[in-house]
There are 2 protein chains.
Amino acid sequence: MNTVFKALADPTRRKVLELLRQHPMSAGELSDHFPVSRPTMSAHFAVLREADLIEANKIGTSVIYQLKLSVLEDALLGFTQLFGIGAGERKETREGADE
Amino acid sequence: MNTVFKALADPTRRKVLELLRQHPMSAGELSDHFPVSRPTMSAHFAVLREADLIEANKIGTSVIYQLKLSVLEDALLGFTQLFGIGAGERKETREGADE
DNA sequence: TCGATATTTAGCTAAATATCTAAATTAGAG
DNA sequence: CTCTAATTTAGATATTTAGCTAAATATCGA
């Protein structure tokens with residue numbers, strides 16, 4: 001969960017997730033949306049993979065990244081519920097999800 | 001919003017917010033919950049203040065910190081809604097809340 | 001005013017992070 | 001087998017961050 005928040009701390013990575021929300025995309029296609037080099041983007045992907053927020057699938061010479069929405073969901077909802085913020089009822093509605 | 005996510009990236013700061021969820025607390029009282037020095041905690045408070053996540057009120061020689069839940073709420077819900085995660089219906093349910 | 005207490009500021013170090021270019025890797029096309 | 005394209009790894013640098021100690025600031029009580 002700490003890795004998830006660390007990953008979300010960077011605007012580039014948050015936007016990568018937003019792009020991936022639409023549909024899976026190759027590393028190159030994702031990179032085209034940002035003004036930084038490919039290696040830099042690759043490093044961002046690594047952080048997102050480390051946080052288990054995205055999944056990589058190699059197809060030919062391309063790597064297709066896909067959002068793992070459930071992981072993002074768990075982290076974010078878990079945290080919001082901690083504060084009694086919105087979200088609330090979903091799945092098993094874990095009440096005592098403290099620390 | 002970027003400052004909010006940056007602030008949330010650190011576990012100490014997240015826990016400060018959780019402690020503050022219960023009730024306002026002085027800098028010293030908050031510090032007692034962590035194994036780091038007062039100045040270090042003070043720096044964390046500064047980051048949280050910068051993100052507008054907490055509010056400081058001086059009472060005598062103490063500084064009482066208070067959680068600004070609405071700011072946390074806006075950031076978190078705004079982001080979760082971006083992904084169609086849980087939360088959903090709240091306030092005006094801003095659809096095009098991008099970037 | 002003096003001394004004690006609470007908090008922040010200054011100044012520093014070590015580690016982490018974001019970025020780059022160049023090189024390595026991998027897979028497909030001819 | 002060789003060339004090309006896509007991506008990642010290596011290695012370097014600059015910036016940011018989290019932490020510390022010591023000192024400054026502010027307020028209260030005697």
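Every heavy atom of this structure was used, including side-chain atoms; hydrogens, water molecules and symmetry mates were not. Keep in mind that this is a model prediction, so the values were computed, not measured. Within every chain, numbering begins at 1; the chains are lettered A, B, ... in the order of the sequence lines, protein sequences first and strands thereafter.
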From [atom1] of [X] over to [atom2] of [N], roughly how many Å is that when rounded to an integer?
| X | N | atom1 | atom2 | answer |
| --- | --- | --- | --- | --- |
| Arg49(B) | dT8(C) | CZ | P | 6 Å |
| His44(B) | dT7(C) | NE2 | P | 16 Å |
| Lys6(B) | dT16(D) | NZ | C1' | 9 Å |
| Asp10(A) | dT19(C) | CG | P | 6 Å |
| Met41(B) | dT7(C) | CE | P | 11 Å |
| Asn2(B) | dT16(D) | CG | P | 13 Å |
| Arg38(B) | dT5(C) | CZ | C1' | 11 Å |
| Lys58(A) | dT7(D) | NZ | P | 9 Å |

Donor-acceptor pair, side chain of [X] and main chain of [Y], under 3.5 angstrom:
| X | Y | value |
| --- | --- | --- |
| Arg49(A) | Ile54(A) | no |
| Ser31(A) | Ala27(A) | yes |
| Arg21(A) | Leu82(B) | yes |

* Residues clustered with Ile64(B), ILVMFWY side-chain links under 4.5 angstrom ->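 Via sub-4.5 Å side-chain contacts, Ile64(B) links to Ile59(B).
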* In terms of side-chain heavy atoms of Ala27(B), which of dT7(C), dA18(C), dT8(D) is nearest? ->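 Out of dT7(C), dA18(C), dT8(D), the nucleotide with an atom closest to Ala27(B)'s side chain is dT7(C).
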* Asked: From the list dT27(D), dA5(D), dC20(D), which nucleotide is the closest neighbour of the side chain of Val36(B)?
  ->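 The answer is dC20(D).
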Applying a 4.0 Å non-hydrogen cut-off, can you work out what [X] is touching in the nucleic acid: base, sugar-phosphate, or nothing?
| X | value |
| --- | --- |
| Thr40(B) | base |
| Ser26(A) | sugar-phosphate |
| Tyr65(B) | sugar-phosphate |
| Ser62(B) | sugar-phosphate |

* For the residue pair Phe79(B) and Phe5(B), categorise the inter-ring angle as parallel (less than 30°), tilted (30 to 60°) or perpendicular (more than 60°). =>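 The rings of Phe79(B) and Phe5(B) stand perpendicular, inter-plane angle above 60°.
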* **Toward the 5' end of DNA chain C, by each residue's nearest nucleotide, Pro35(A) or Thr61(A)** =>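 Checking each residue's closest nucleotide, the 5'-ward one belongs to Pro35(A).
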* Quick one: is Ser37(A) getting a side-chain N or O under 4.0 Å of the dC20(C) phosphate, OP1 or OP2? ->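 Result: yes.
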